[in-house]
Structures are given as structure tokens and as C-alpha cells.
Amino acid sequence: MEKKGVLVIGSVNMDMVVKADHFPLPGETILGESFQMFPGGKGANQAVASAKLGSDTFFVGRFGSDVFKDKIFESMQADGVDLSGIFIDYANPTGIAMITVDHHGENQIVVISGSNMKLSLEDIEARIPLFRRVKVVLAQLEIPIGTVLRSAHLAKENGAMFILNPAPALTDKLPDELLKLTTYITPNEVELERLTSITIHSIEDIKKAGAKLLSYGVKNVIVTMGSKGAFYISDDKTLKVKAKPVDVIDTTGAGDAFNGALASALSENYKIEEAIEFANLAAAISVTRMGAQSSMPGFNEILELQRPHGT
Ligand code: RIB
């Protein structure tokens, strides 16, 4: 069977989002502008991004047995994600994220992991048939690190590429074993700084930090830089890909749009330059709308943004 599609191993959350003019200072109470709930979680967001772009996309994660599970399940299914590999946890609730979005569209997020941190090695073992099917496996760090490592091993054993989005930046050092199994790592500047202990002020710093990650055994580094675009570093190539300027409403899930779109593009055999450009466009569209999964674009929207004006 020809390998095809994307398998995302990761978290799923219900996002509780308030919009406010500014972030409250410690001890300050402010009056916000709106409150909404959106399906979120880095893993689930990335799966939705990939599925909405037309790739066969499977999600393995742990939901609680509660009303949030029902809402998110319905929404992800409608977005085209194959959820046959998920687990329901009867002892722990679905993860939630408390998110504040300010008038610049920037966010602050506190995650309560719930069932996400119970996604176990046994869960992953039980989904080996999915690893056999797909071309790309994608994981983040909102689930136990041992589960991420086992997923990376299974990707390799089954001939799939492994993309690690090292978000959130919870640790200064990832296991060497994990980095050696990683085909693409996709930190933002904060995560890059954390993982390499190199302070990032310039492109030269990014190149130095990227080279450090390569020296740990990662094959390719893609640094996401928001409105400044993305930077690619491998042993034989460095490349800067510009971002499209857009009006920002909410940056929540922009990194997830990038990673889901990157996985989708690589599963469709795009060249790396094209895959990064495609992922940048997906992220650009996502920040023009509220919410995480709700802001992920379809394929035609990317073509539309790519097209020079008036053509
Ligand atoms: O990357 C954005 C996501 O981070 C949100 O959807 C939230 O759930 C947290 O996981």
C-alpha cells in the first residue's frame, strides 16, 4: 500500500477565550470585551489544519468523557479529521486552555492538561497500524515526552518522516534520542532559545542555534518567526521564506496552522521551499480570524492569497 497522509499525535483542549483591550497586570482586574469557547489543543489544531487542506489526516489523542469531548469531536469530524484512533478517558477531564487575546491579537495561554497527559505508551502501541499507513507523523509537547519519543521510534520503524513541533517551551533540553529521530523540528524563536541556550537577536543567532540543533542529530530545522516569516537550516542549505502581511485579529493557533500545513505539504511531496511557503500562507490566514481550529484555512484560500493581486 502506498504511504499517504498525516498522523498527528497530540493534545486536544477546549479553549476559553476572552478578548480584552490589554492583558491585566498582576493583581489588576479589567473588564473584557467578549467570551467564546473554541475547539483547540496544539495536536488537534494541527490535525484540523492538515485535514482542511485536503490531506488524509488521523488524530491520536485522549479526550475526557464530558461535554467538551462531544463538542470538539463533532467539530473535528466535520473538519475531516479521522478520529478512529482517539481514546476516551473516564478518570480525567478533557484539557482546557484559558486564553486572553489583546487588541494586537497577541495571546496569553494557561493550559490545564487533564486527559492529555495520560496519553500513554500503550495507547500509542495500540495505534501501530496508523503508523504503517502514513507518510508523515507530527507531534508536539502537550503530551508526555515518553509518548512523543515512542511515536518518533514508530515513525522511523514504519518509514514515515517525523516532525517535532517543540511547543510549548517547557524544557531546556529534549532527549538526544528524540532529536536523532526527528526529520524536521519547528521551534519558534522562544522555543529555539530555550532548547539551545542561545539568545536570539538576529538571523546570525538563529543560524547558530539551528546549527546546534543539527549537531544534536536533527535532520532539518525550521524556525517560525511570525510576521517575519520562517528560516530553514539543514547541513547543506539555509533559506529565509517571507510571510504575507495581513491584518491580525488573533494569533492563537498560528504555529499550529504552520505545522499542520507543513505536514500536509510534505506528505504531498512538496519541495521544502514550497512546503514552507505554503505553511507560512496557512499561518497568515489563520491570524485573520478568531480561534484556533476555527481559523484554519482551506486549500483554495491559500491559492487565493498566493496569487498576485488582480490575476
Ligand atoms: O497553539 C494554540 C493552542 O495552545 C490552543 O488551542 C490551546 O489549546 C493551547 O494548546
Side-chain angles (χ1 to χ4, degrees), residues 8-19 23 35-52 59-64 66 68-69 71-73 75-76 79 81 86 92-102 105-119 138-145 147-148 163-171 185-191 194 222 224-226 230 248-263 279-280 282-297:
V8 182
I9 313 284
S11 59
V12 54
N13 295 326
M14 183 57 95
D15 292 350
M16 315 276 172
V17 183
V18 297
K19 268 207 105 164
F23 299 126
F35 168 75
Q36 273 176 290
M37 286 198 280
F38 293 103
K42 294 188 192 301
N45 296 344
Q46 294 178 18
V48 166
S50 167
K52 278 194 173 175
F59 176 64
V60 171
R62 250 184 190 270
F63 290 72
D66 46 35
F68 294 150
K69 183 263 290 171
K71 287 246 172 291
I72 304 169
F73 190 97
S75 162
M76 288 181 73
D79 284 333
V81 181
I86 65 145
N92 297 280
T94 302
I96 59 158
M98 307 301 294
I99 303 181
T100 308
V101 178
D102 76 0
E106 295 299 333
N107 62 58
Q108 285 184 335
I109 306 182
V110 178
V111 171
I112 302 297
S113 298
S115 49
N116 292 308
M117 279 298 169
K118 303 291 175 191
L119 189 69
L138 168 61
Q140 324 70 31
L141 300 179
E142 283 184 332
I143 55 172
I145 192 77
T147 307
V148 176
I163 305 177
L164 176 62
N165 174 221
L170 298 178
T171 174
I185 193 166
T186 57
N188 63 21
E189 289 164 277
V190 174
E191 290 148 4
R194 190 86 199 264
I222 301 172
T224 56
M225 304 185 300
V248 178
I249 300 288
D250 176 11
T251 54
T252 312
D256 301 331
F258 184 95
N259 278 278
L262 178 74
N280 259 345
I285 295 170
S286 78
V287 303
T288 64
R289 313 198 265 244
M290 278 301 289
Q293 291 173 31
S294 52
S295 69
M296 300 305 172

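All of these numbers come straight from a predicted model, not from anything done at the bench. One-based numbering, in listed order, for ligands and for the atoms of each.
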To check you understand the geometry: which heavy-atom pair defines the closest contact between Phe59 and Ala44, and what is its length? CE1-N, 3.6 Å

Looking at Lys118, I'd like to know if its NZ atom is crowded, meaning that more than 12 non-hydrogen atoms belonging to other residues, nucleotides or ligands lie closer than 6.0 Å. no

Which ligand 1 atoms does Gly40 reach within 4.0 Å, using its non-hydrogen atoms? 6 (O), 8 (O)

Suppose we measure from atom 9 (C) of ligand 1 to each protein heavy atom; which comes out shortest, and what is that distance? Glu142 OE2, 3.5 Å

min-distance protein heavy atom vs atom 4 (O) of ligand 1 -> Lys42 NZ, 3.2 Å

For Ala292, take its heavy atoms, then give the atoms of ligand 1 lying under 4.0 Å from any of them. 6 (O)

What verdict does the side-chain contact (heavy atoms from CB on, under 4.5 Å) test give for Met296 and Asp79, after you've listed the backbone C-alpha separation in whole Å, the side-chain angles of each residue and the deciding distance to 0.1 Å? CA-CA 10 Å; Met296 300 305 172; Asp79 284 333; over 6 Å; no

Numbered atoms and elements of ligand 1 in range of Ala97, under 4.0 angstrom, heavy atoms: 7 (C), 8 (O)

Using a plain distance cutoff, I'd like to know if Gly41 has any nitrogen or oxygen under 3.5 Å from a nitrogen or oxygen of ligand 1. yes

Which ligand 1 atoms, with their elements, are less than 4.0 angstrom from a heavy-atom of Asp256? 1 (O), 2 (C), 3 (C)

Are any of the N/O atoms on Asp15, whether in the backbone or the side chain, positioned under 3.5 angstrom from an N/O atom of ligand 1? yes

Residues Ala279 and Leu262: closest non-hydrogen pair is CB-N, 3.8 Å

Enumerate the atoms of ligand 1 whose separation from the nearest heavy atom of Asn13 is less than 4.0 angstrom. 7 (C), 8 (O), 9 (C), 10 (O)

Can you see which heavy atom on Ala167 is nearest to which on Lys42, and at what distance? O-CD, 3.8 Å

Go through the steps for Ile9 and Val148 under the test side-chain contact (heavy atoms from CB on, under 4.5 Å), then give the verdict. CA-CA 8 Å; Ile9 313 284; Val148 176; over 6 Å; no

In terms of side-chain heavy atoms, does Asn165 have a donor or acceptor partner in Gln46 at a distance below 3.5 Å? yes

How far is atom 3 (C) of ligand 1 from the closest protein heavy atom, and which atom is that? Asn45 ND2, 3.7 Å

